[in-house]
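Have a look at the structure below, then the notes.
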Number of protein chains: 2
Amino acid sequence: MQLSEAEWKIMNVLWRAGSASARDVLDALQGETGWAYTTVKTMLTRLVEKGAAREKTVGQAAVYSAKVQQKAAQRAALAALVERAFGGTMGGFVHHLVANEKLDAKERAALQKLLDDAQREAGEGAP
Amino acid sequence: MQLSEAEWKIMNVLWRAGSASARDVLDALQGETGWAYTTVKTMLTRLVEKGAAREKTVGQAAVYSAKVQQKAAQRAALAALVERAFGGTMGGFVHHLVANEKLDAKERAALQKLLDDAQREAGEGAP
DNA sequence: TCCATCCTTCGACACTTGTAGAAGGTAGGC
DNA sequence: GCCTACCTTCTACAAGTGTCGAAGGATGGA
């Protein structure tokens, strides 16, 4: 499930909102995009066609909600990136990340904490 | 400098090889793509047009080499991903990475080591 | 000299993505 | 009963991507 730039914008709104009409999505993206109503409607229809969102008619209007989970979409996107640009291995990617991406202190601290948690979790299950 | 799927494949060859003719690139990608010679040539021409590669004629044939650095392309690609899919913050992305990507012990260790290095580096210069 | 080989440039076509106008249904307010 | 304000579906079109085939130039060996 690869999403295009514009599709990500829409999906981000759906994930945040839970469910939303085309009008809601449009409102949420005003300022960021300046899209016309029909542009949003077209994107939503395409997302439903490709199985990323679902549509339900409520009254006279359609209400949309995400069908793919955000986490799944994120993982797919990251996997695609790693595949294309980092030789297909998480190892290579992780290396680039810390070697070249200049995380700030706060980010490093967060990462450290998460690593600790992951470490602890990985250690459990055996005893 | 956003590269498409096919463009990444070509650029990866150029980065690895240093420089290569269209034929070289084709050979390097046989098995992976099954592209026709002209397909590769077209992609190379387009890459030159968009400034990602450069072309030099040697004898009767053109030889290509990367113009954008691999690291730069990788950083741009990662930045685009973070922007679209992770709310634009490295923090959010890093969180996803450790929380959802099931890194193996080796990857976590690498991350830890690199993090330590970064920490040490950040700590210097002050005392 | 002439052919098999390569290389090159042009042009083309289908599909995806980004954007949106036109035209037509509906439902509440006056 | 009719107008205003929404909503919907259809259609379109320009770029960008992915994939070549055709046609023509050079070149080295038979």
Side-chain angles (χ1 to χ4, degrees), chain A residues 1-14 19-65 68 73 76-77 80-81 83-85, chain B residues 1-14 19-65 68 73 76-77 80-81 83-85:
Chain A
M1 179 71 53
Q2 290 306 307
L3 301 171
S4 74
E5 182 75 29
E7 288 170 344
W8 272 104
K9 287 200 213 294
I10 307 258
M11 290 302 294
N12 282 331
V13 173
L14 294 185
S19 71
S21 66
R23 176 76 40 192
D24 295 336
V25 173
L26 179 64
D27 292 347
L29 292 175
Q30 278 313 336
E32 185 183 354
T33 66
W35 282 337
Y37 176 88
T38 44
T39 299
V40 173
K41 196 71 166 77
T42 299
M43 298 307 297
L44 282 165
T45 301
R46 287 182 186 171
L47 282 167
V48 170
E49 274 164 16
K50 77 192 299 188
R54 59 171 88 73
E55 186 182 350
K56 191 166 58 156
T57 303
V58 175
Q60 93 257 47
V63 170
Y64 300 84
S65 55
V68 295
L81 176 72
E83 182 63 34
R84 285 175 205 201
Chain B
M1 178 71 54
Q2 289 306 307
L3 301 171
S4 74
E5 181 75 28
E7 288 170 344
W8 271 103
K9 288 200 212 296
I10 307 257
M11 291 302 294
N12 282 331
V13 173
L14 295 185
S19 70
S21 66
R23 175 80 34 193
D24 295 336
V25 173
L26 179 63
D27 292 346
L29 292 175
Q30 277 314 335
E32 186 183 353
T33 65
W35 282 337
Y37 177 89
T38 43
T39 300
V40 172
K41 196 71 165 76
T42 300
M43 298 308 297
L44 283 165
T45 301
R46 288 181 186 171
L47 282 167
V48 170
E49 274 164 14
K50 76 193 301 188
R54 60 170 88 72
E55 185 181 350
K56 192 166 57 157
T57 303
V58 175
Q60 94 257 46
V63 169
Y64 299 85
S65 55
V68 294
L81 176 73
E83 182 63 34
R84 285 174 206 203

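Within every chain, numbering begins at 1; the chains are lettered A, B, ... in the order of the sequence lines, protein sequences first and strands thereafter.
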Using atom [atom1] of [X] as one end and atom [atom2] of [N] as the other, report the distance to the nearest whole Å.
X: B/W35; N: D/dG21; atom1: CH2; atom2: P; value: 15 Å
X: B/L29; N: D/dC20; atom1: CG; atom2: C1'; value: 16 Å
X: A/E49; N: C/dT17; atom1: CD; atom2: P; value: 12 Å
X: B/L26; N: D/dG18; atom1: CG; atom2: P; value: 17 Å
X: A/E32; N: C/dG18; atom1: CD; atom2: P; value: 13 Å
X: B/K56; N: C/dC7; atom1: NZ; atom2: P; value: 18 Å
X: B/M43; N: C/dT8; atom1: CE; atom2: P; value: 16 Å
X: A/L44; N: C/dT19; atom1: CG; atom2: C1'; value: 14 Å

Contact under 4.0 Å: B/T39 side-chain N or O vs D/dG18 OP1/OP2: no

Presence of B/R23 side-chain N/O under 4.0 Å of C/dC6 phosphate oxygens OP1/OP2: no

Note, A/L3 side chain near B/R84 side chain (heavy atom, < 4.5 Å):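 Counting from C-beta outward, A/L3 and B/R84 never come under 4.5 Å.
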
Within-4.5 Å side-chain heavy-atom neighbours: A/V13 and A/D24: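 Result no, sub-4.5 Å side-chain heavy-atom pair not found.
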
Intermediate values then yes/no, side chain to side chain contact (heavy atoms under 4.5 Å, CB included), B/M11 and B/V68: CA-CA 9 Å; B/M11 291 302 294; B/V68 294; 3.8 Å; yes

B/K41 backbone acceptor or donor facing B/T38 side chain under 3.5 Å: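 Between the backbone of B/K41 and the side chain of B/T38 there is no qualifying donor-acceptor contact (under 3.5 Å).
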
Worked check of side chain to side chain contact (heavy atoms under 4.5 Å, CB included) between A/L47 and A/E7: CA-CA 7 Å; A/L47 282 167; A/E7 288 170 344; 3.8 Å; yes

Extract from the structure each pairing of a protein N or O with an N or O of nucleotides 8-15 of chain D at less than 3.5 Å, listing the distance.
{"residue": "D/dT8", "atom": "OP1", "partner": "A/A62", "partner atom": "N", "Å": "2.8"}
{"residue": "D/dT8", "atom": "OP2", "partner": "A/Y37", "partner atom": "OH", "Å": "2.5"}

[X] side, atom [atom1]; [Y] side, atom [atom2] - distance, nearest 0.5 Å:
X: B/T33; Y: B/L26; atom1: OG1; atom2: CG; value: 7.0 Å
X: A/L81; Y: B/W8; atom1: CG; atom2: CH2; value: 7.0 Å
X: A/S4; Y: A/K50; atom1: OG; atom2: NZ; value: 6.0 Å

CA sep, side-chain torsions, deciding dist, call: B/I10, B/W35, side chain to side chain contact (heavy atoms under 4.5 Å, CB included): CA-CA 11 Å; B/I10 307 257; B/W35 282 337; 3.9 Å; yes

Strand contacts (DNA chain D) in residues 1-11 of chain B, 4.0 angstrom heavy-atom criterion: B/S4, B/E5, B/A6

